[in-house]
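This report concerns only the one structure given below.
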Amino acid sequence: MKVPISWLKNYINVDEDNIDDLLHRLTLAGTEVESIETQGNWEGVVVGQVLEVSKHPNADRLNLVKVNSGENETLDVVCGANNLYAGQKVAFAPVGSKLFSPKSKKMETLKKSKIRGEISNGMICSALELGLGEDHEGILDLNKDFENGKSLKDYYSDTIIDFELTPNRPDCLGIYGVAREVSAVTGSKLKNVQTYNKNSNNISDNLEIDIESKDLCKRYMGVVIDGVEITDSPEWLKSALISIGENPINNIVDITNYVMFELGQPLHAFDYKKINNNKIVVRNAKKGERLITLDEENRELNEDMLVIADSDFPVALAGIKGGKESGIQSDTSKIVLESACFEGGNNRKTANHFDLKSQATLRFEKNLKPELCEVAFNRAIHLILEVCGGKISSEIVDTGFDKEDKAIEISLSKINSLLGFHFEAKSVDQIISFQLECPYGLAECVSATTSTFGTTVELAKQNIGINTTTIFKRFEWIKRNRDEENLTAHNLNFNYKNTLIMSYTAKYSSSFYGPFRHAVGSSNNFGDKDKSPVIIEYLACLKSLFSTLLLGSMVIESMGSEGGVLNKLSLPNLENPNSSRASAIGTIPPSKYCE
């Protein structure tokens, strides 16, 4: 998951001068940082303007391009891209510039060259050559308002953090979810995102939605927006997508992609006039049906596949790929916006069948929460009305989901018992407010009494449910990463038996294919520890906090064992695994997991 710092700062304050400390905290909190990339590390690249494009006299696949680099000088360049046109603003690297070479994987100085008998005085760059994406089929088409001759660094320069997310964290497959994690480890306040929250009185269009395959679609929302203008996206939107390697297409498609990367919920838009009888049906494909998708592939469907259809024919592979016929075109003026929640297993199976893995399927296969549909839906409506114009022209149709608030009550005594920390009621209230507060107005957090805390959670955490133990991971991480707490083994009442159990319940461990659940049940199964990122990750966490307790081996006690309170830093008898203080599971060699 790529997260540009510039995009992250839309939602939370980030101290760029102390970014290493923040990334360290996030990694310890389970949001592992895989790599950090600096965009804009090229030298000499400027905004150029294409004046003329003609065919190379000695090569069918090459073009001769005249480029103005902003110095009232016209330069001849040989280029093989097929998306060039007169008047286009491009990323131009004159002779002497330094660029990343995909072949050598390092920065190289550009030299004047002769290609098939024609002199080339530089290079017109693709996104790949600039490190702004993977596309190298065509050159990077810049915003027409960019100033000719200006350094490209003035427009594209950012720090990109790439997170290695575990399967149980789909909430971090949106940049806002990562911002929530930053809030947890720093105490900074999340900023709200603007969403549509009005009721339209100008209803002129009809939209009917029917979910036939209710087991494969938990919720489907749709609305008609009339009077939109399909154009290039504004620069802020294009730059945001380019920074994470996505190619801008048009303003409607770009907004649906932007919201997906922002909130983690895929969206889709149809051309309203291509939806027969103004009806959308979510159903399984019928035997013999075919669909030409946006990539112009004519695909044969089977009865196990979920499709979005109109009254007559399929118009999209649900959550995977839109149909070409119903796609957004340059003359589209009225759209249907879709936000839905599809069953993960079926989505993954269909995507694998067609080899169509995408950013959307990456999210749907995690079984997203139906509540997220509404948030992303209203966010996209707000942006479409702001960027593309138009108005809501139908009722908002929301079907397949019965809204249910899940109340969770947590007692202060249980928190302290499970975590082994001594929390004050005020501190707990602050932590819950930070961690479970939902700025969309879908969740509220209240302190019922000085000893019991209640909250209604709909969106904030994908894995939060009735089982209150899943929340405790957040308490522990916050307290571990707040400097003012200064927690050490010397001032803790450390509840030994729940050290591991309290943070990773079955809800968290289920996405790690079971090794953890086996490990806590039987000594015979503890050999699976090598395969369990849960256990390995948690040991690393314990090391950072309880360093004095890791002098020898860390013993993990099973759920059924009687745990003692380690008041004097006494260690169990590690020489005898069968002793009353030793684990029924076994010991972990310090040489493997501890320095």
Side-chain angles (χ1 to χ4, degrees), residues 2 4 6 35-160 235 238-239 241-248:
K2 295 184 182 296
S6 61
S35 64
I36 305 172
E37 173 190 347
T38 301
Q39 287 184 347
N41 58 348
W42 55 77
E43 295 180 15
V45 183
V46 298
V47 177
Q49 184 171 24
V50 175
L51 302 178
E52 181 182 323
V53 181
S54 59
K55 298 302 295 183
H56 193 295
N58 304 317
D60 294 337
R61 296 185 179 181
L62 296 178
N63 299 303
L64 296 181
V65 187
K66 293 187 180 297
V67 179
N68 185 324
S69 61
E71 299 180 354
N72 296 322
E73 180 183 8
T74 300
L75 299 173
D76 293 322
V77 179
V78 178
C79 181
N82 57 9
N83 63 332
L84 291 160
Y85 57 90
Q88 183 181 23
K89 293 291 180 70
V90 296
F92 178 63
V95 173
S97 300
K98 291 186 177 181
L99 285 174
F100 174 78
S101 170
K103 293 183 179 180
S104 65
K105 304 297 182 183
K106 62 182 181 180
M107 301 297 290
E108 294 184 355
T109 301
L110 192 63
K111 300 178 181 180
K112 181 183 291 190
S113 61
K114 180 178 287 189
I115 303 175
R116 293 291 185 93
E118 297 291 334
I119 297 294
S120 184
N121 296 288
M123 175 188 291
I124 302 175
C125 303
S126 68
L128 178 64
E129 289 149 346
L130 295 170
L132 296 175
E134 300 299 323
D135 183 23
H136 60 89
E137 296 299 324
I139 55 93
L140 184 63
D141 195 352
L142 300 181
N143 191 293
K144 61 183 179 181
D145 295 328
F146 280 9
E147 183 180 340
N148 203 32
K150 195 168 186 179
S151 173
L152 196 66
K153 286 186 178 181
D154 294 339
Y155 299 104
Y156 297 107
S157 181
D158 207 345
T159 299
I160 312 297
E235 184 51 37
K238 292 176 68 173
S239 295
L241 294 176
I242 289 172
S243 70
I244 57 174
E246 295 294 312
N247 295 321

Please round to the nearest 0.5 Å and tell me the distance separating atom CD of E52 and atom CG of D76. 9.0 Å
From Q49 atom CD to K66 atom NZ, the distance as rounded to the nearest 0.5 Å: 14.5 Å
Exercise: identify the closest heavy-atom pair between L64 and P57: CD1-CD, 3.7 Å
What pair of heavy atoms forms the shortest contact from C125 to E129, and how long is it? CA-OE1, 3.3 Å
Go through W42 and L152 one step at a time and tell me if the side-chain contact (heavy atoms from CB on, under 4.5 Å) criterion holds. CA-CA 9 Å; W42 55 77; L152 196 66; 3.7 Å; yes
Could you list the residues that satisfy side-chain hydrogen bond (donor to acceptor under 3.5 Å, both in side chains) with E108, not counting sequence neighbours? S104
Going by the rule side-chain hydrogen bond (donor to acceptor under 3.5 Å, both in side chains), which residues pair with N83 if we only count those two or more places apart in sequence or in a different chain? none
According to side-chain hydrogen bond (donor to acceptor under 3.5 Å, both in side chains), who are the partners of S6, at least two apart in sequence or on a separate chain? D158
Test side-chain contact (heavy atoms from CB on, under 4.5 Å) on E147 and V47; report intermediate values, then the result. CA-CA 7 Å; E147 183 180 340; V47 177; over 6 Å; no
K150: what forms a side-chain hydrogen bond (donor to acceptor under 3.5 Å, both in side chains) with it, not counting sequence neighbours? none
Should V77 and F92 count as side-chain neighbours, where that means a heavy-atom distance under 4.5 Å? yes
Let's go through I242 and L140 carefully: what are the C-alpha distance in whole Å and the side-chain angles of both, what is the deciding distance for side-chain contact (heavy atoms from CB on, under 4.5 Å) to 0.1 Å, and is it a yes or a no? CA-CA 10 Å; I242 289 172; L140 184 63; 4.0 Å; yes
Side chain to side chain contact (heavy atoms under 4.5 Å, CB included) with N58: which residues, sequence neighbours excluded? H56, R116
In short, V53 meets A86 closest at the heavy-atom pair CG2-N, 4.5 Å
Taking the side chain as every heavy atom from C-beta outward, state whether L241 and N247 have any atom pair closer than 4.5 Å. no
What closest approach, in Å, do I124 and C79 show between heavy atoms, and which atom pair accounts for it? CB-SG, 4.3 Å
Return yes when atom NZ of K98 has more than 12 non-hydrogen atoms of other residues, nucleotides or ligands closer than 6.0 Å, and no otherwise. no
Closest approach of V45 and A93, non-hydrogen atoms and distance? CG2-CB, 4.1 Å
Straight-line distance of S120 OG to K114 NZ, nearest 0.5 Å: 12.5 Å
One pair to check against side-chain contact (heavy atoms from CB on, under 4.5 Å): N68 and E73. What are the steps and the verdict? CA-CA 6 Å; N68 185 324; E73 180 183 8; over 6 Å; no
Report yes if the side chains of I244 and I160 come closer than 4.5 Å at any heavy-atom pair, otherwise no. no
Taking the side chain as every heavy atom from C-beta outward, state whether E235 and D145 have any atom pair closer than 4.5 Å. no
Does any non-hydrogen side-chain atom of D141 lie less than 4.5 Å from one of Q88? yes
Taking side chain to side chain contact (heavy atoms under 4.5 Å, CB included) as the definition, give me every residue that meets it alongside K144, ordered by chain and number, with sequence neighbours left out. none
Please check if the side chain of N121 supplies one atom and the backbone of L75 the other of a donor-acceptor pair under 3.5 Å. no
A81 and I139: which non-hydrogen atoms are nearest, and at how many Å? CB-CG2, 3.6 Å
